[in-house]
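All remarks here apply to the structure that follows.
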Amino acid sequence: MRRILLAILPLTLMAVIIAPAISLGADFKREVIYQIITDRFFDGDTSNNNPAQSTGLFDSSKTNFRAYWGGDLAGIQQKLGYLAGMGVTAIWISPPIDNENKNEGGAQVGAPYHGYQGHDFKRIEEHFGDASNSFTAFDSLVTAAHNNGIKVIVDFAPNHSNNNNNGEFGAFFDNGTLVGNFANDTNGFFHHNPNISDFNDRYQDQYFTLSDLADFNQENSTVDAYLKSAVQLFQQHHVDGFRVDAIKHTTWGWLYSFFNSIHTSANTFTFGEWIADTTSDPLYHDLYKFANRSGFSTLDFPLYHAIDDVFARDNSFNEIDGVLSQEAANFQQANDLVTFIDNHDRQRFLSINNNKNRLHEALAFLLTCRGVPVIYYGTEQYLHNDTNFGNDPFNRPQMSSFDTTTDAYKLIGKLAALRKTNPAIAYGTMGQRWINSDVYVFERAFAGNVVVVAVNKSETASTPISGLFTALPAGTYSDFLGSTLGGLSITVKDGGGNNPVTDFSLPSHTVSIWTHKPVTASTPVLASVGPDVAQPGVQVTLAGSLSGSSVVKFGSTPATIVSSDENHIVVNVPSMPNGNCVVTVTGAGGRISNSVPFAVLAAKLIPVTFTVRNAARTNIGDYIFLTGDTVELGNWSSTYDGAVGPMLTPNFPDWFLNVSVPAGRTIQFKFIKIAADNTVTWENGSNHTFTVPASGTASVSVDWQN
Ligand code: NOJ
Ligand code: NOJ
């Protein structure tokens with residue numbers, strides 16, 4: 001599509017079209033993301049170091065880890081060449097919005113250099129941009145990033161403003177105009193509950209306070225509109241993605257409408273921070289249900305913990321293997337999970353285990369594993385400060401150097417290139433081929449492309465790797481990394497597709513990578529549709545091996561193609577009844593691809609709070625759910641995953657839940673009890689009905705019908 005357009009356009013216009021098009025929508029699987037704490041990266045503009053409206057929060061000596069140190073958006077812009085040279089194709093920057101201006105500390109300054117104490121979500125922080133809080137430096141960074149082939153992801157925190165007990169007492173502003181504050185909250189802009197003490201309690205997580213941060217009441221129509229218009233403002237400033245902070249602590253039902261508002265206004269990649277330490281976390285099920293039904297992705301905390309345990313703390317590879325297979329069973333789009341080995345809230349890898357071999361092995365794993373990888377700034381320079389074991393804030397030291405010759409910098413670059421050239425890395429299956437506690441051999445495969453990775457994290461050479469089979473065709477394969485991590489060659493014999501590899505032994509601390517690309521791909525192969533939940537008219541991105549494809553269908557309904565390249569097709573969701581369907585692509589010669597599931601919403605989503613009074617008697621482990629007549633309400637499903645819930649019961653036996661439902665529709669619904677043993681009890685009587693407003697927020701309250 002785009003290629004045809006370009007042929008008929010003059011050169012000057014082409015530049016205009018090419019710059020925004022680096023974002024072929026909401027598919028980030030071919031990207032390598034680099035996470036930056038703006039304040040700690042590079043000082044590109046000394047004039048904003050100690051601005052008048054928040055003077056005294058800057059520490060030029062960089063000894064107080066809780067003060068501003070001078071890093072800014074101009075500094076990131078000046079280092080884009082360094083990042084592009086490492087193969088980075090997206091940056092995730094710490095929240096750039098205007099933060100509170102007061103000292104949160106005492107004699108020892110405590111400042112929101114990290115960005116998570118917002119006060120005006122529609123302006124840029126003066127320490128990062130300029131004294132008038134304008135978007136000038138931000139726009140300049142986004143344009144320069146796009147010109148360097150780098151997408152921009154903004155960290156956005158809709159859960160809270162700033163501290164409720166100090167400083168500005170939660171005050172928040174709409175482009176300079178005060179909206180409200182926590183201390184004098186006559187409009188109900190905030191929840192006024194204690195700090196969360198039980199992080200496994202659904203009600204506390206959503207309605208209590210996260211470490212004294214004034215907790216927004218997103219069901220309030222002013223707050224709802226404020227947060228949605230703020231995030232859209234960043235879309236108008238051409239950001240390509242959002243990392244959404246603390247989603248486990250933000251009203252979950254409301255978040256569906258928040259993500260829907262983002263996806264409705266532009267084709268943007270979204271991922272949330274929902275901390276689940278392991279797949280046994282009590283709320284892990286809520287997490288994947290949420291991810292599967294809301295169309296956004298999530299940071300992969302269970303895999304992070306496993307990587308940390310295995311590579312930094314020497315646990316067995318079985319832990320990683322177990323997480324990968326559990327998540328593959330639970331997440332509809334596991335390849336979109338956002339993966340990392342450390343971040344700004346965790347100890348840096350080298351603070352746990354100061355062993356470069358292990359760091360290189362973990363990086364090689366991260367960059368070839370399924371998922372969208374994130375490199376935390378400075379990892380490539382072996383940056384770490386081990387004060388207090390390297391915990392927050394010592395995990396956020398000043399970026400030390402911009403050396404383009406470190407082994408880690410070069411390794412990241414090579415593997416970022418492989419992610420672009422071999423679609424098995426971005427889109428492939430993830431299969432274990434050989435494992436013991438120190439050795440992991442895994443295979444990625446997609447549309448005839450194959451990548452096999454073999455890691456030995458031990459101090460000693462492995463036992464012979466015998467009985468290894470692969471989808472690599474017969475032949476001899478040399479190490480894609482050119483032995484930079486000690487890798488070796490293998491020989492594969494023909495076994496009719498399940499091909500035996502001649503026995504070999506992996507030397508100590510090595511990573512070998514063997515790759516294959518087919519000469520031509522014939523039938524199109526569809527990897528994903530993102531987001532996979534949207535109403536008609538919204539742009540979504542198909543990804544996979546798609547060259548020559550001309551027809552996209554949702555069920556049997558064709559969709560209008562907006563643009564395409566060999567790995568992507570952007571389409572508008574066609575006009576069709578709401579419900580679950582599958583998406584397919586038809587390629588050359590009428591060959592039809594595999595299908596990928598998609599949920600067509602009835603309309604744009606509006607958050608509505610549902611209350612049912614005096615619900616059916618429940619025992620511990622029994623929950624009340626909502627179900628109804630549209631896909632948003634589960635289409636009358638009565639299963640834990642299909643219905644909406646569990647609902648919350650701070651005032652037992654009344655239950656409530658904020659739920660995103662289709663704007664302007666008259667919906668029919670009922671409440672059900674799903675008991676701990678999965679027995680379902682429906683309320684009696686006829687269906688309840690409710691007409692959802694066209695905009696804003698709403699609430700509805702009924703008695704359980706006995
Ligand atoms: C999670 C962020 O990653 C962390 O740094 C921050 O302090 C909290 N959310 C609160 O915004
Ligand atoms: C300091 C932490 O570094 C930061 O991440 C967090 O947002 C604030 N405390 C508020 O909890």
Side-chain angles (χ1 to χ4, degrees), residues 33-41 65-68 71 91-100 104-105 110-121 125 128 153-168 170 172 182 190-191 195-196 199 204-216 218 227 230-231 241-252 255 258 270-277 281 283 287 296-301 304-305 308 338-348 374-378 388 390-397:
I33 302 174
Y34 188 82
Q35 182 196 352
I36 298 174
I37 302 289
T38 301
D39 182 62
R40 302 294 155 92
F41 192 60
F65 272 73
R66 294 188 168 82
Y68 284 101
I91 50 176
W92 150 16
I93 60 171
S94 53
I97 58 156
D98 189 11
N99 276 279
E100 75 157 293
E104 285 284 351
Y113 70 89
H114 44 69
Y116 297 106
Q117 285 161 335
H119 108 161
D120 194 330
F121 289 54
E125 166 60 34
F128 304 150
I153 299 167
V154 159
D155 198 325
F156 193 87
N159 176 65
H160 52 265
S161 55
N162 46 76
N163 282 37
N164 62 19
N165 58 354
N166 195 5
E168 298 189 9
F172 69 110
F182 182 85
F190 295 97
H191 299 133
N195 279 331
I196 301 166
F199 282 80
Q204 284 198 23
D205 275 333
Q206 297 173 70
Y207 290 89
F208 279 28
T209 299
L210 180 63
S211 43
D212 298 319
L213 293 162
D215 197 56
F216 276 135
Q218 289 85 3
L227 294 170
V231 81
F242 294 102
R243 179 266 190 188
V244 181
D245 185 60
I247 60 168
K248 187 162 96 176
H249 306 296
T250 308
T251 309
W252 303 348
L255 280 170
F258 179 69
T270 53
F271 60 101
E273 179 213 25
W274 178 309
I275 298 174
D277 285 345
D281 180 284
L283 297 181
L287 163 59
F296 73 97
S297 189
T298 176
L299 284 157
D300 195 345
F301 277 91
Y304 149 71
H305 278 277
D308 176 303
V338 179
T339 55
F340 54 100
I341 66 173
D342 52 18
N343 69 24
H344 62 305
D345 294 325
R346 307 291 151 154
Q347 294 164 284
R348 285 178 178 267
V374 181
I375 309 289
Y376 186 38
Y377 80 93
N388 188 27
N391 281 300
D392 174 8
F394 302 103
N395 53 1
R396 306 160 183 185

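Excluded from the calculations below are hydrogen atoms, water molecules and symmetry mates; all remaining heavy atoms, backbone and side chain alike, are included. Counting starts at 1 for both ligands and their atoms, following the listed order.
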Inset, instruction - Could you establish whether H344 and ligand 1 come within less than 4.0 Å of each other, counting only heavy atoms on the residue side? - result: yes
With heavy atoms under 4.0 Å as the rule, classify the contact between [X] and ligand 1 as side chain, backbone, both or neither.
X: R243; value: side chain
X: H160; value: side chain
X: H249; value: neither

Legend entry - Lys/Arg cation over aromatic Y377: R348, 6.0 Å, 45° cone: yes
Below 30° counts as parallel, above 60° as perpendicular, anything between as tilted: where do the rings of [X] and [Y] land?
X: F128; Y: Y68; result: perpendicular
X: F190; Y: F172; result: perpendicular
X: F301; Y: H305; result: tilted

Inset, instruction - Identify, by atom number and element, the atoms of ligand 1 in contact range of R396, meaning under 4.0 Å from any of its heavy atoms. - result: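 So the atoms of ligand 1 that pass are 5 (O).
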Inset, instruction - Considering the heavy atoms of D245, write down every atom of ligand 1 situated less than 4.0 Å from one of them. - result: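 In order of numbering, the contacting atoms are 1 (C), 2 (C), 3 (O), 8 (C), 9 (N), 10 (C), 11 (O).
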Legend entry - Ring centre gap for W92 and F340 strictly below 6.0 Å: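 No, they do not, as the ring centres are separated by 6.0 Å or more.
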